[in-house]
S.K.: 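The structure under discussion is supplied below as structure tokens; questions concerning it will follow.
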Amino acid sequence: MGAYQEQFRQSIDHPELFWAEAARAIDWSRPWDEVLDRSNPPFYRWFKGGELNTCYNAVDRHVENGRGDQVAIIHDSPVTGTIKKITYRELQEQVALFAGALRAQGIQKGDTVIIYMPMIPEAAVAMLACARLGAVHSVVFGGFAAHELAIRIDHARPRAMVIASGAIEGKKTLAYKPMVDSAIDQSEYKPEKCIVFQRDFVTAELNHERDKNWAEIVRDAAPAEPVPVQATDPLYILYTSGTTGMPKGVMRDNGGHAVALKWSMQHIYNVKPGDVYWAASDVGWVVGHSYIVYGPLLHGCTTIIYEGKPIGTPDAGAFWRVINEHKVKALFTAPTAFRAIKKEDPNGEFLKKYDLTGFQTLFLAGERLDPDTYHWAGRLLNIPVIDHWWQTETGWAIVANPMGIEQFPVKPGSPTMPVPGYDVRVVDHGGKELAANQEGNIVIRLPLPPGTLATLWRNEERFVKSYMNNFPGYYETSDGGYIDEDGYVFVMGRMDDVINVAGHRLSTGAMEEIIATHPAVAECAVIGASDEVKGQKPVGLIVFKAGVNRDEEEIKKELVQMVRDQIGPIACYRETAVVKRLPKTRSGKILRGTMRAIAAGKEYRAPSTIDDPAILQEITEDLKKLGYPT
Ligand code: COA
Ligand code: AMP
């Protein structure tokens, strides 16, 4: 048996033994009583009774073990023209002081804190400071508008917000404070404090009683020691798009999370403590949580917080410059970043300016890696290009080529093998397991490994309904695909109304809820259509109310603005087709899947329950006018 098979079998047949062994790499202030509490399925709890502090494991213990002078964080910011390095010792000081400042503002173990910050080290400092106190952070991505932030404030009920005064996004300067004030005005729940980190290019007005200046409260603070928490206590909530406008608050615990992420750094990413590891994503996404902040720091790596884009900051050679300048060993990003680079610099001219010796592996995830992009990146860089598949819910890879265990030959289009801990199966709609190469629902047999979602915050019912009900005994991924005769998993795409635009997970349902409020719209559907660079983009199909005789183009512009104002610019909603009617089943369900297939130019079979098959021809014509299929 190969090394992978051996580890994989052990992880499935004896998960308690496997993960107890992995947990030895973490420092515990109290050992666990039980590795896995299976008493209340589908709620499984890892390392019950154990106590630890995630911040201590990510920061302090490296200082105690001789890494104090090693750089922990490199902030590389082409948008502000600065590069700043922070050692583990400096990080410890900053985090302890900010934790002390939070405590002085009344934040205690168990409180929630919303963090709304761009890619600056203070974002990581704020996350780690919460972890240090046992407070639960919820980071919200900066591309979400005030309305989305308000939804999260009402659900997470944060005692405090920690924000930056602003960000530079491409060439635009964004002021965050007015946005945050507007979100707090819109929310029913009101945070007690709003702590603002002032950046030198945009100063926020601290004009409310709740507003505090980061620098001032830190100046007056006494450092706080790490507070031991239960392994099963929440570390963070991360909201992610579901099929409706109400996002899902994925809850991650402390113990299982630390164990799984530390394990993944070596076994999946094949990096060692001291190596430079770069995830070019954003702290607002799960990739940022797991592989900008917690994973690399738990492992004692140097992590890069990159405040820029793959192109335009200043050019398509930006990634190569960062890799060269900071001696990056592994880069993790989304395929869309590579498609953007490929579009601007198809022959890789920029790469010729840089020596990338030491760059070992490129990891891609967040959306399907199309074979074209895979081949292009491989030819250009001449290093392994590793696709891996995961979700906000799992927090780390479900399927990957486990570079630190055994490297499998790549089959383009497949993220390769189930990662130890994940018993991946493909089933039909009735839950019957399918044979090799047959496409169906990808599910994971329970229990899930440590580090995956423990529940949905303040919504256990939705947790069970969304993930556990359709296939009892399994976690439903909502992705479709198949496993081939060699055990390679192929992930073909979402089976629900979630789309992935430039690696950003969005809900078409949420966009429909907004569009439906326009006074001219009788009904609507938003579907994901393919996009050359961003992978997917949303396209709206609307039916006007009877008697509407306003200019169509005007109304379309209003819809674009509504989605932009309420979800944010990252929704990238720009295209609308006005149609006579939408295809539906006789019971009134809109056939979104069929329209998606038409837009993609895929073969489809209209369901026998369709109300009027002639509508499909009309929709095909309407989508053709917008240029679909591409
Ligand atoms: N704050 C505020 N606005 C943001 C934002 C942020 N953090 N991130 C993006 N936006 C805005 C953009 O400015 C843009 O606004 P515009 O409509 O006014 O131009 C809009 O949201 C859409 O952004 P995006 O989809 O990112 O498009 P882009 O053209 O700016 O960049 C790429 C395209 C491919 C370069 C970019 O999407 C990218 O680098 N993707 C990498 C993928 C990634 O990091 N994924 C995270 C998961 S791994
Ligand atoms: P997110 O929760 O934002 O990480 O998005 C998760 C979704 O992105 C998954 O359910 C998949 O649909 C998609 N996804 C992520 N990684 C991959 C991959 N390597 N291949 C195919 N789809 C992916």
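Whatever order the structure lists them in is the order used to number ligands and atoms, beginning at 1.
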S.K.: Counting heavy atoms only, which of R564, K309, M117 comes nearest to atom 31 (O) of ligand 1?
M.R.: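 Looking at heavy atoms only, the winner is K309.
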S.K.: Could you list the atoms of ligand 2 found under 4.0 angstrom from a heavy atom of T392?
M.R.: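 This gives 1 (P), 2 (O), 3 (O), 4 (O) as the contact atoms.
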S.K.: So for A280, does at least one of its heavy atoms come nearer than 4.0 angstrom to any atom of ligand 1?
M.R.: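 The answer is yes, since A280 has a heavy atom less than 4.0 Å from ligand 1.
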S.K.: Classify the contact between T333 and ligand 1 as side chain, backbone, both or neither, using a heavy-atom distance cut-off of under 4.0 Å.
M.R.: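 Within the 4.0 Å criterion, T333 makes no contact with ligand 1.
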S.K.: Do side-chain atoms of Q536 reach the backbone of N500 as a donor and acceptor pair under 3.5 angstrom?
M.R.: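 The answer is yes, because a donor-acceptor pair under 3.5 Å joins these two groups.
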S.K.: Hey, is CD on E532 packed in by over 12 heavy atoms from elsewhere, all under 6.0 Å?
M.R.: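 No.
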S.K.: Is the shortest distance from atom 12 (C) of ligand 1 to a protein heavy atom below 4.0 Å?
M.R.: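 Protein heavy atom within 4.0 Å of atom 12 (C) of ligand 1: present.
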S.K.: Check ligand 1 against I570 and write out every atom of the ligand that is under 4.0 Å from a heavy-atom position of the residue.
M.R.: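 Counting atoms of ligand 1 from 1, those under 4.0 Å from I570 are 8 (N), 9 (C), 10 (N), 21 (O).
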S.K.: I want to check a possible cation-pi pair here: R152 against F144, using under 6.0 Å from ring centre and within 45° of the ring axis as the test.
M.R.: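 Cation-pi check for R152 and F144: passes.
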S.K.: At under 4.0 Å between heavy atoms, which part of V287 makes contact with ligand 1: side chain, backbone, both or neither?
M.R.: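 Side chain only.
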S.K.: Quick one: which of E307, R339, E169, M119 has a heavy atom closest to atom 4 (C) of ligand 1?
M.R.: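 Heavy atom nearest to atom 4 (C) of ligand 1 belongs to E169.
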S.K.: Counting heavy atoms only, name the option from S241, A397, A365, G366 that's nearest to atom 15 (C) of ligand 2.
M.R.: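 Of the listed residues, G366 has the closest heavy atom.
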S.K.: Kindly confirm or rule out an N or O of E393 lying under 3.5 angstrom from an N or O of ligand 2.
M.R.: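 Not met; the criterion fails.
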S.K.: If you have a sec, work out which protein heavy atom is nearest atom 39 (O) of ligand 1 and how many Å separate them, to one decimal?
M.R.: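 For atom 39 (O) of ligand 1, the nearest protein heavy atom comes out as P310 CD, 3.0 Å.
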S.K.: Within the side chain of D423, is there an N or O that forms a donor-acceptor pair under 3.5 Å with the backbone of I444?
M.R.: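 No, the answer is negative, given that no donor and acceptor are paired below the 3.5 Å cut-off.
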S.K.: Taking 4.0 Å as the limit for heavy-atom contacts, which would you say applies to W390 with ligand 2: side chain only, backbone only, both, or neither?
M.R.: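 The answer is the backbone.
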S.K.: Quick one: does T508's side chain have a donor or acceptor within less than 3.5 Å of a partner on D497's backbone?
M.R.: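 Checked: pair present.
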S.K.: Counting N and O atoms only, with roles assigned by atom type, does the side chain of T313 sit under 3.5 Å from a partner on the main chain of K309, one being a donor and the other an acceptor?
M.R.: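 Indeed, once roles are kept as given, a pair shorter than 3.5 Å links the two residues.
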S.K.: Where is the nearest protein heavy atom to atom 22 (C) of ligand 1: which residue, which atom, and how far?
M.R.: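 Its nearest protein heavy-atom neighbour is C572 SG, 3.6 Å.
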S.K.: If the threshold is 4.0 Å, N to carboxylate O, is there a salt bridge linking R505 and E393?
M.R.: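 Here R505 pairs with E393 in a salt bridge, since their nearest N and O are under 4.0 Å apart.
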S.K.: Starting from atom 3 (O) of ligand 2, which protein heavy atom do you reach first, and at what distance in Å?
M.R.: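 Residue, atom and distance for the closest contact: R505 CB, 3.3 Å.
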S.K.: So, H75 side chain and M119 main chain: donor-acceptor pair closer than 3.5 Å or not?
M.R.: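 Yes.
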S.K.: Within the structure, does S281 bring an N/O atom to less than 3.5 angstrom of an N/O atom in ligand 1?
M.R.: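 No, since none of the N or O atoms of S281 sits under 3.5 Å from an N or O of ligand 1.
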S.K.: Within the side chain of H388, is there an N or O that forms a donor-acceptor pair under 3.5 Å with the backbone of L364?
M.R.: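 At least one qualifying donor-acceptor pair exists.
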S.K.: My understanding is that we take every heavy atom of each candidate and find the minimum distance to atom 34 (C) of ligand 1. Doing that for I341, T336, T313, which one comes out nearest?
M.R.: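 Closest candidate by heavy-atom distance is T336.
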S.K.: Check each atom of ligand 1 against the heavy atoms of G142 and keep those under 4.0 Å away; list them by number with element.
M.R.: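 Those of ligand 1 that fall under 4.0 Å from G142 are 1 (N), 2 (C), 6 (C).
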S.K.: Got the closest protein heavy atom to atom 9 (C) of ligand 2, with its distance?
M.R.: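 Sorting protein heavy atoms by distance from atom 9 (C) of ligand 2 puts D479 OD2, 3.1 Å first.
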S.K.: Check salt bridge (Lys or Arg N to Asp or Glu O under 4.0 Å) between D370 and all other residues, then give those that pass, not counting sequence neighbours.
M.R.: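 R339.
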S.K.: Check each atom of ligand 2 against the heavy atoms of H388 and keep those under 4.0 Å away; list them by number with element.
M.R.: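 Every atom of ligand 2 under 4.0 Å from some heavy atom of H388: 16 (N), 18 (C), 19 (N).
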S.K.: Is the shortest N/O to N/O distance between T240 and ligand 2 below 3.5 Å?
M.R.: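 Such a contact does not occur with ligand 2.
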S.K.: Using atom types as modelled and distance alone, determine if a side-chain donor or acceptor of T477 lies under 3.5 Å from a backbone N or O of I442.
M.R.: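 It does hold such a pair.
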S.K.: Just do the side-chain hydrogen bond (donor to acceptor under 3.5 Å, both in side chains) check on E575 and Y628 with the steps written out, would you?
M.R.: CA-CA 11 Å; E575 289 176 317; Y628 300 105; 2.5 Å; yes
S.K.: So among N401, D486, T416, which one has a side-chain hydrogen bond (donor to acceptor under 3.5 Å, both in side chains) with K411?
M.R.: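 One option only clears the test, and that one is D486.
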S.K.: Taking T336 for its side chain and V533 for its backbone only, find out whether a donor-acceptor pair lies under 3.5 Å.
M.R.: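 Answer holds: yes.
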S.K.: Does ligand 2 come near enough to T477 that some N or O of the ligand is less than 3.5 Å from an N or O of the residue?
M.R.: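 T477 vs ligand 2: no N/O contact under 3.5 Å.
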S.K.: What atoms in ligand 1 come closer than 4.0 Å to a heavy atom of W285?
M.R.: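 That gives atoms 46 (C) of ligand 1.
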S.K.: Quick check on contacts: which atoms of ligand 2 are under 4.0 angstrom from a heavy atom of N500?
M.R.: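 This gives 5 (O), 7 (C), 8 (O), 13 (C) as the contact atoms.
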S.K.: List in chain and number order the residues that pass salt bridge (Lys or Arg N to Asp or Glu O under 4.0 Å) with K177, two or more places apart in sequence or in another chain; answer none if no residue qualifies.
M.R.: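 If we apply the salt bridge (Lys or Arg N to Asp or Glu O under 4.0 Å) test to K177, skipping adjacent residues, the hits are D181, D211.
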S.K.: Say whether, by atom type as modelled, one donor and one acceptor occur between the side chain of T303 and the main chain of I292 under 3.5 angstrom.
M.R.: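 Checking the backbone N and O of I292 against the side chain of T303, a donor-acceptor pair under 3.5 Å is found.
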S.K.: For V286, is at least one N or O under 3.5 Å away from an N or O on ligand 2?
M.R.: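 V286 vs ligand 2: no N/O contact under 3.5 Å.
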S.K.: How close does the nearest protein non-hydrogen atom get to atom 19 (O) of ligand 1, and which residue and atom is it?
M.R.: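 Checked against all protein heavy atoms, atom 19 (O) of ligand 1 sits closest to K172 NZ, 3.8 Å.
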S.K.: Between E367 and ligand 2, which residue portion shows a heavy-atom distance shorter than 4.0 Å: side chain, backbone, both, or neither?
M.R.: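 The answer is the backbone.
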S.K.: Flag the pair W457 / S138 as yes when at least one side-chain heavy-atom distance between them is below 4.5 Å, and no otherwise.
M.R.: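 W457 does not reach S138 side chain to side chain.
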S.K.: Please verify whether a non-hydrogen atom of F332 lies at under 4.0 Å from ligand 1.
M.R.: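 The answer is no, since F332 has no heavy atom less than 4.0 Å from ligand 1.
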S.K.: Protein heavy atom under 4.0 angstrom of atom 36 (C) of ligand 1, is there one?
M.R.: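 Looking at atom 36 (C) of ligand 1, one finds that no protein heavy atom lies closer than 4.0 Å.
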S.K.: Run the numbers on I153 and M161 for side-chain contact (heavy atoms from CB on, under 4.5 Å), then give the verdict.
M.R.: CA-CA 9 Å; I153 293 172; M161 313 269 302; 3.9 Å; yes
S.K.: Out of G284, A502, A318, A316, who gets a non-hydrogen atom closest to atom 42 (C) of ligand 1?
M.R.: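 That would be A502.
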S.K.: Take every heavy atom of G143, measure it against each atom of ligand 1, and state whether any distance is under 4.0 Å.
M.R.: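 Right, G143 reaches ligand 1.
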S.K.: Show the atoms of ligand 1 that are less than 4.0 angstrom away from any heavy atom in G503.
M.R.: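 That gives atoms 47 (C) of ligand 1.
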S.K.: Within less than 4.0 angstrom of ligand 1, does R574 place any heavy atom?
M.R.: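 Distance cut 4.0 Å: R574 passes for ligand 1.
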S.K.: I'd like to know whether N469 forms a side-chain hydrogen bond (donor to acceptor under 3.5 Å, both in side chains) with E476, so could you lay out the CA-CA distance, the side-chain angles of the two residues, the decisive distance to 0.1 Å, and finally the verdict.
M.R.: CA-CA 8 Å; N469 262 3; E476 179 180 5; over 6 Å; no
S.K.: Closer than 3.5 angstrom, by distance alone: can the side chain of S290 be matched with the main-chain N or O of G395 as a donor-acceptor pair?
M.R.: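 Flag set: sc S290 to bb G395 pair under 3.5 Å.
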S.K.: Among all protein heavy atoms in this structure, tell me which lies nearest to atom 28 (P) of ligand 1, with the distance rounded to 0.1 Å.
M.R.: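 Protein heavy atom at minimum distance: K534 NZ, 4.0 Å.
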S.K.: What's the shortest distance from atom 20 (C) of ligand 1 to any protein heavy atom, and which residue and atom give it?
M.R.: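 Of the protein heavy atoms, P569 O, 3.5 Å lies nearest.
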S.K.: Going by the atom numbers of ligand 1, which of them fall below 4.0 Å from some non-hydrogen atom of F141?
M.R.: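 Listed by number with element, the hits are 5 (C), 6 (C), 7 (N), 8 (N).
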S.K.: Check ligand 2 against R368 and write out every atom of the ligand that is under 4.0 Å from a heavy-atom position of the residue.
M.R.: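 Close to R368: 20 (N), 21 (C), 22 (N), 23 (C).
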